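A short write-up of the structure that comes next.
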Amino acid sequence: MMRITFSAIVWGLVGALIVAGCGEPEDDAGQIARAMAAMQTGIEARRTGPVLEHLAEDFRTGEDLRPRELRAMMLYQFRRYSDIKVVTHNRDIRVQGDQADVTLDALLLAGRTMLPERGRRYSVSMRWYKLDGGWYLSRIRWQPKRGE
């Protein structure tokens, strides 16, 4: 049986993820940033679709969750917390051909009201692949920041 923990909410990583600047050209890094922003918006709106549509067919998390399991985990967290916020910083997108590596720091906040009851910081790393002109998240790993 899969143990669902607050750390799994990091998909608010996934999308926990910062919006691309309005002035950025729509290059590969800009497309990835836009996809991450859509995922973050989906998580904060408590919707799984915007996250799942950006996952590659071979998607896996560091905890070996697949898309179906990830969806179940997100639905559990959405029922548990009515308010979920994701704050990211130190984002670095490195594109090399048809793959990209992204690292960032994320702060995940969750609660039943507008005031958060839980919060945790994570270091997040992702691998994205380009397929048919679109970018898809293939791998994601997160680790709690030290001292937390």
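In this text the structure is predicted, and so the values were computed from the model without any measurement.
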Testing the basics here: between [X] and [Y], what is the closest heavy-atom pair and its distance to 0.1 Å?
X	Y	value
Ser138	Ala56	CA-CB, 4.0 Å
Leu109	Gly119	CD2-CA, 3.8 Å
Ala38	Pro50	O-CB, 3.6 Å

Run the salt bridge (Lys or Arg N to Asp or Glu O under 4.0 Å) test against Arg66 and tell me which residues pass, sequence neighbours left out. Asp64
For Arg94, the salt bridge (Lys or Arg N to Asp or Glu O under 4.0 Å) test, sequence neighbours excluded, returns Asp92
Checking Glu44 side chain against Val86 main chain: does a donor-acceptor pair fall under 3.5 Å?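 It does hold such a pair.
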Donor-acceptor under 3.5 Å (Ser82 side chain, Arg112 main chain):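 Indeed, once roles are kept as given, a pair shorter than 3.5 Å links the two residues.
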Considering residues at least two apart in sequence or located in another chain, which fulfil the side chain to side chain contact (heavy atoms under 4.5 Å, CB included) criterion with [X]?
X	answer
Ala100	Ile32, Val95, Trp128, Trp135
Gln143	none
Arg79	Leu75, Tyr76

Are any of the side-chain heavy atoms of [X] and [Y] separated by less than 4.5 Å?
X	Y	result
Tyr136	Glu57	no
Thr61	Glu69	no
Ser125	Val102	no

Using the salt bridge (Lys or Arg N to Asp or Glu O under 4.0 Å) rule, collect all pairs that involve residues 123-143, keeping only residues at least two apart or in two chains.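 Matches after skipping sequence neighbours: Asp28-Lys130, Asp58-Arg139, Asp101-Arg127.
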Does the pair His54 and Leu137 meet the rule for a side chain to side chain contact (heavy atoms under 4.5 Å, CB included), with working shown? CA-CA 6 Å; His54 293 287; Leu137 181 62; 5.5 Å; no
Quick one: CG on Leu55 to CE on Met39, what's the gap to the nearest 0.5 Å? 5.0 Å
The reported gap from OG1 in Thr103 to CE in Met126 (rounded to nearest 0.5 angstrom) is 8.0 Å
Flag yes if Leu52 and Phe59 sit in one hydrophobic cluster, no otherwise; membership is Ile, Leu, Val, Met, Phe, Trp, Tyr, and two members link when side-chain heavy atoms are under 4.5 Å apart. yes
In this structure, would Phe78 and Leu70 fall into the same cluster of hydrophobic residues linked by side-chain contacts under 4.5 Å? yes
Would you find more than 12 non-hydrogen atoms of other residues, nucleotides or ligands less than 6.0 Å from Arg46 atom CZ?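 Yes - once you tally the heavy atoms of other residues, nucleotides and ligands closer than 6.0 Å, there are more than 12.
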